Every structure is written in C-alpha cells, then in structure tokens.
Amino acid sequence: MKPALFLDRDGVINIEKNYLYKIEEFEFNEGIFSLCHHMKRLGYLIVIVTNQSGIARGYYSEEDFHHLTTWMLQRFEEEGITIDKVAYCPHHPDISGECACRKPKPEMILSAVKSLNIDISRSVLIGDKLRDIEAGERAGVGLNCLVESNDLSLVVKLLGIDK
C-alpha cells in the first residue's frame with residue numbers, strides 16, 4: 001500500500017477562476033509541479049479530487065471538463081509527473097439533488113483508496129476550502145492541509161522544496 005497526495009483542483013493546482021473549463025484560462029499555481037515531483041520522489045500516488053458544479057449548473061459540459069482535464073494531465077506528463085487518478089463530482093445539491101461524491105462527503109477519496117490500494121493514514125490532502133479538509137478528515141486522511149486559494153507557498157516552504 002502506498003500513501004497518496006490528494007489535491008483539490010481549483011485554487012490548489014490552478015489559479016481559482018469561477019467555473020473554469022477553458023484551456024486558455026487555465027493557469028497552474030506556482031509550486032504545484034515542484035510539490036508533485038517531491039511527493040512522487042517520496043513514493044506518493046497523486047489523486048485529484050474536485051467538485052465541478054459548473055456541470056450541474058449548465059455552465060459547461062462533462063465533455064468540456066474532460067477536454068480540459070486531458071490537457072492538464074498532458075501538461076503534468078510534460079513536467080515528468082504522472083497523475084494516478086482524477087475524481088470529480090458533477091453535481092450540485094440544489095440542482096441535481098444530493099449525491100455521495102460532492103465534498104465534504106468523502107466518496108471521491110474513498111473510491112480512490114479502494115481502486116488504488118492507498119494507505120489513507122499516511123496520505124496527505126491539500127485543499128483551499130473547509131469542505132476539502134472535512135472530506136479528508138471523514139475519509140481518514142492522515143494529514144489535511146488548508147491553504148489559501150492560489151497560494152501553495154507555505155506547503156512548498158514547509159516541505160523544503162525549491163520552486
């Protein structure tokens with residue numbers, strides 16, 4: 001069993017922009033590639049867990065989301081980083097009803113734990129909203145880190161990573 005680094009997308013991997021789905025508007029946060037390289041060197045899997053209520057709201061389609069995700073994963077690959085899984089919730093309780101996957105519920109994390117045989121107690125979650133942290137706590141993630149949206153500098157500094 002390997003530990004995993006669970007990352008929220010908007011505000012952690014990329015600069016927060018409401019209902020982002022266009023490649024030309026996607027900007028990676030400074031330090032995200034260094035952070036992922038560091039954790040991969042330590043033997044961590046990398047899993048993205050992201051709420052995407054813009055799909056339920058009709059702002060963009062699941063196809064739009066997958067198109068952007070494919071591009072994002074290619075950019076990680078170009079940096080020498082393999083993302084092991086992307087889990088997303090396309091729902092919003094006020095529009096599509098309640099679901100088991102929308103954070104703060106832990107289903108996206110628990111599904112990844114099961115499919116990738118993850119050691120959850122040694123895993124780390126980084127999110128920019130309290131619902132990210134709550135999902136991690138409910139799933140039993142060993143370390144949950146709340147960062148200010150678009151600012152990984154503290155995490156990078158604590159880990160001693162050069163940007």
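Owing to the predicted nature of the structure, the values given are computational and were not obtained by experimental measurement. Basis for what follows: all heavy atoms, side chains included, without hydrogens, waters or symmetry-related copies.
- Within the 4.5 Å cutoff, side-chain heavy atoms of Leu5 are placed close to those of Leu35.
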Could you go through the side-chain contact (heavy atoms from CB on, under 4.5 Å) check for Tyr44 and Val124 one step at a time?
CA-CA 9 Å; Tyr44 281 70; Val124 176; 4.1 Å; yes
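- Judged by distance alone, the side chain of Lys105 and the main-chain N or O of Cys99 form a donor-acceptor pair under 3.5 Å.
- Atom CG of Asn18 and atom CG of Asp10 lie 9.0 Å apart (nearest 0.5 Å).
- Hydrophobic clustering (side-chain heavy atoms under 4.5 Å, transitive across Ile, Leu, Val, Met, Phe, Trp, Tyr) keeps Leu110 apart from Ile48.
- Between Tyr60 and His67, the ring center distance fails the sub-6.0 Å criterion.
- We find that Asp119 and Arg122 are joined by a salt bridge, their nearest charged nitrogen and carboxylate oxygen being less than 4.0 Å apart.
- In this structure the side chain of Arg9 reaches within 4.5 angstrom of the side chain of Met72, judged on heavy atoms.
- Remark: Arg131 does not engage Glu134 in a salt bridge, criterion side-chain N to carboxylate O under 4.0 Å.
- Rounded to the nearest 0.5 angstrom, Glu24 CD and Leu68 CG are separated by 9.5 Å.
- One distance of note links NZ of Lys103 with NZ of Lys129; it measures 8.5 Å at 0.5 Å rounding.
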CA sep, side-chain torsions, deciding dist, call: Asp8, Ile13, side-chain contact (heavy atoms from CB on, under 4.5 Å):
CA-CA 7 Å; Asp8 179 46; Ile13 291 175; over 6 Å; no
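- Using the six-membered ring where Trp is involved, Phe28 and Phe33 have ring planes that are tilted, between 30° and 60° apart.
- Criterion: ILVMFWY side-chain heavy atoms under 4.5 Å apart, direct or through other members. Under it, Phe26 and Ile15 are not part of a common hydrophobic cluster.
- Side-chain atoms of Glu148 and Asp128, non-hydrogen and from C-beta on, never get closer than 4.5 Å to each other.
- Note: Tyr21 and Tyr19 fail the aromatic proximity criterion, with ring centroids not under 6.0 Å apart.
- Note: Ser123 OG to Lys2 NZ = 12.0 Å, rounded to the nearest 0.5 Å.
- Look at Arg102 and Glu107 and you find no salt bridge, because none of the NZ, NE, NH1 or NH2 atoms lies under 4.0 Å from a carboxylate O.
- Hydrophobic clustering keeps Met1 apart from Ile46 (ILVMFWY residues linked when any side-chain heavy atoms are closer than 4.5 Å, directly or through intermediates).
- Of the charged side-chain nitrogens involved, none lies within less than 4.0 Å of a carboxylate oxygen, so that Asp64 and Lys22 do not count as a salt-bridged pair.
- With side-chain heavy atoms closer than 4.5 Å counting as contact, directly or through intermediates, the hydrophobic cluster containing Val47 also holds Phe6, Leu45, Val49, Met108, Ile109, Val113, Leu116, Ile118, Ile120, Leu125, Leu130, Ile133, Val141, Leu146.
- Hydrophobic clustering of Ile, Leu, Val, Met, Phe, Trp and Tyr side chains at less than 4.5 Å, counting indirect connections, keeps Phe65 apart from Ile95.
- Taking OG1 of Thr50 as the start and CG of Leu7 as the end, the distance is 10.5 Å to the nearest 0.5 Å.
- Distance alone, capped at 3.5 Å, places no donor-acceptor pair between the His91 side chain and the Gln52 backbone.
- For the 3.5 Å distance criterion, the side chains of Glu63 and Ser61 fail to qualify, holding no donor opposite an acceptor.
- Lys40 and Asp84 are joined by a salt bridge, as a carboxylate oxygen and a charged side-chain nitrogen come within less than 4.0 angstrom of each other.
- Here Arg57 pairs with nothing under the salt bridge (charged side-chain N to carboxylate O under 4.0 Å, His left out) rule; sequence neighbours left out.
- Between the CG atom in Asn51 and the SG atom in Cys101 there is a gap of 8.0 Å [rounded to 0.5 Å].
- For Asn29 (side chain) and Val12 (main-chain N/O), a donor-acceptor pair under 3.5 Å exists by modelled atom type.
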